[in-house]
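To start, the structure itself, in structure tokens.
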Protein chains: 2
Amino acid sequence: MPWNLNSDIPVFIQIVEHIKNEIVTGKYKLGERLPSVRDLAFEAGVNPNTMQRALSELENTGLVHSERTSGRFITEDEDMIKEMKTSLVNRQIEEFFKNMEKLGFTNEEILKLVKQYADK
Amino acid sequence: MPWNLNSDIPVFIQIVEHIKNEIVTGKYKLGERLPSVRDLAFEAGVNPNTMQRALSELENTGLVHSERTSGRFITEDEDMIKEMKTSLVNRQIEEFFKNMEKLGFTNEEILKLVKQYADK
DNA sequence: ATTATTGTACTAAGGACTTAATACAGTAAT
DNA sequence: ATTACTGTATTAAGTCCTTAGTACAATAAT
């Protein structure tokens, strides 16, 4: 799966979001080991330093933790992952509505547009 | 109305989006004159150079044009504005669905979540 | 035991964005 | 005619992000 990184937003932030998505959608299982910093960097096509920074940020969320010399592992805390997914979903929806309201649409109009798009 | 600029995305891009929104929602009328670069910069709380860059970008879209010494003016082309609005709306919806799909949701699930949020 | 791999740390360089401080020519207002 | 305002251009400095290259200690693999 391509990483699809663009340049408008810092790459390390996009990487954090990408891996968060993979965790909350179950592509990584509980306690599973992540590929090494260098391997992930190669896969994503970025410098290892950039990947290291992203993973370091990701660690602050508690979703992953590092074992100094054996690798990085996904949390065993299933509730934390569920909460993260809820949080990400809410952020998307709120952001979407906020942006649509800036374009002058009411909730009803937004819902109608979404229906049309979903049934396309 | 506050400009609500953040730091994850270049400020000049956020300004372009902000003014685009104001144009397509009719806060600026056809042919209306924009405030000066310096006034807009003060209002947005950014450096005049940054505002100048944003306005220069905006000019490339054709939505505004500058009269060398009297100011900047909104286009008289109503169709262009309508097309821009449609384009912005489509981008929002597509981006929203793309992000929700990355979180593992189907179109039906997305629609359901949006309904819940719209009726809150 | 030796080798490879792990996360981590550090310095240096380049690029993009932003701010700051000026400056200029042309137009509007007086 | 003079003054104020317009968009525009330029140079310099500072910050953040990214890449590159190197290095180290601790563990895993052999």
Side-chain angles (χ1 to χ4, degrees), chain A residues 2-20 22-23 28-76, chain B residues 2-20 22-23 28-76:
Chain A
W3 288 61
N4 270 336
L5 306 176
N6 67 69
S7 56
D8 273 0
I9 303 177
V11 173
F12 80 91
I13 293 181
Q14 299 178 59
I15 293 175
V16 169
E17 295 306 307
H18 181 87
I19 301 181
K20 273 187 188 173
E22 290 189 323
I23 294 175
Y28 286 116
K29 305 193 195 311
L30 296 186
E32 184 177 345
R33 182 177 173 282
L34 284 167
S36 74
V37 175
R38 294 165 179 81
D39 285 351
L40 282 173
F42 178 80
E43 185 189 328
V46 301
N47 190 276
N49 295 318
T50 305
M51 183 56 70
Q52 166 68 20
R53 171 148 190 200
L55 292 171
S56 175
E57 293 277 333
L58 193 55
E59 214 149 310
N60 295 335
T61 68
L63 284 178
V64 305
H65 57 94
S66 67
E67 304 290 332
R68 190 75 173 70
T69 58
S70 59
R72 264 197 184 75
F73 300 87
I74 307 295
T75 180
E76 309 269 4
Chain B
W3 288 60
N4 269 337
L5 306 175
N6 68 70
S7 58
D8 274 359
I9 304 177
V11 173
F12 79 92
I13 294 180
Q14 298 178 57
I15 292 175
V16 170
E17 294 308 307
H18 181 87
I19 301 181
K20 273 186 187 172
E22 290 189 323
I23 294 175
Y28 286 116
K29 306 195 193 310
L30 296 184
E32 183 177 345
R33 182 178 174 280
L34 284 167
S36 74
V37 176
R38 295 164 179 83
D39 285 350
L40 283 173
F42 178 80
E43 184 189 330
V46 301
N47 190 277
N49 295 318
T50 305
M51 182 58 69
Q52 166 68 21
R53 170 148 190 202
L55 292 172
S56 175
E57 293 278 332
L58 193 57
E59 214 148 310
N60 295 335
T61 69
L63 285 178
V64 305
H65 57 95
S66 68
E67 305 290 331
R68 190 75 173 72
T69 57
S70 58
R72 266 196 182 76
F73 301 87
I74 307 295
T75 179
E76 308 268 3

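All chains are named by letter (A, B, ...) in the order of the sequence lines, taking the proteins before the strands, and each is independently numbered beginning at 1.
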May I have the distance from [X] (atom [atom1]) to [N] (atom [atom2]), rounded to whole angstrom?
X: B:Ile15; N: C:dT18; atom1: CD1; atom2: C1'; result: 11 Å
X: A:Asp8; N: C:dG15; atom1: CG; atom2: P; result: 19 Å
X: B:Glu57; N: D:dG7; atom1: CD; atom2: P; result: 17 Å
X: A:Leu40; N: C:dT8; atom1: CG; atom2: C1'; result: 15 Å
X: B:Asp39; N: D:dA4; atom1: CG; atom2: P; result: 16 Å
X: B:Glu59; N: D:dT6; atom1: CD; atom2: P; result: 16 Å
X: B:Met51; N: D:dA9; atom1: CE; atom2: P; result: 17 Å
X: B:Leu34; N: D:dG7; atom1: CG; atom2: P; result: 9 Å

Specify the angle, to 10°, made by the local axes at the two ends of the helix from C:dA1-D:dT30 to C:dT30-D:dA1 when five pairs are taken at each end.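 Terminal axis comparison yields 20°.
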Output yes when at least one side-chain N/O atom of B:Arg72 is less than 4.0 Å from OP1 or OP2 of D:dT8, else no.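 The answer is yes; a side-chain N or O of B:Arg72 sits under 4.0 Å from OP1 or OP2.
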Show me the side-chain donor-acceptor pairs of residues 32-42 of chain B shorter than 3.5 Å, one per line, residues at least two apart or across chains.
unit_1  : atom_1 : unit_2  : atom_2 : d
B:Glu32 : OE1    : B:Lys29 : N      : 2.7
B:Arg33 : NE     : B:Ser70 : O      : 3.0
B:Ser36 : OG     : B:Asp39 : N      : 3.1

To the nearest 0.5 Å, what is the distance between CG on B:Leu63 and CD on B:Glu22?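 That separation rounds to 12.5 Å.
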Distance from A:Leu58 atom CG to A:Arg53 atom CZ, nearest 0.5 Å?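 These two atoms lie 13.5 Å from each other.
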If you only use heavy atoms from C-beta on, which nucleotide in C:dT6, C:dG7, D:dT8 is closest to the side chain of B:Gln52?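 Shortest atom-to-atom distance from the side chain points to D:dT8.
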Whether the side chain of B:Gln14 engages the backbone of B:Ile9 through a donor-acceptor N/O pair (distance < 3.5 Å, no angle test) should be reported.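 Here the side-chain-to-backbone pair exists.
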Would you call [X] and [Y] a side-chain contact if the rule is heavy atoms closer than 4.5 Å?
X: A:Glu59; Y: A:Arg72; answer: yes
X: B:Leu55; Y: B:Ile19; answer: yes
X: B:Lys20; Y: B:Thr61; answer: yes

Expected string for nucleotides 14-30 of chain D under the B/S/- scheme (protein heavy atoms, under 4.0 Å, primed atoms plus P, OP1, OP2 as sugar-phosphate) is ---SSBBB-B--BS---
Ignoring hydrogens and angles, state whether a donor on the side chain of A:Asn6 or A:Asp8 is under 3.5 Å from an acceptor on the partner side chain.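 Checked: A:Asn6/A:Asp8 side chains show no N/O donor-acceptor pair below 3.5 Å.
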Least distance between heavy atoms, B:Glu76 atom then B:Gly31 atom: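 Minimum heavy-atom separation between B:Glu76 and B:Gly31: OE2-CA, 3.6 Å.
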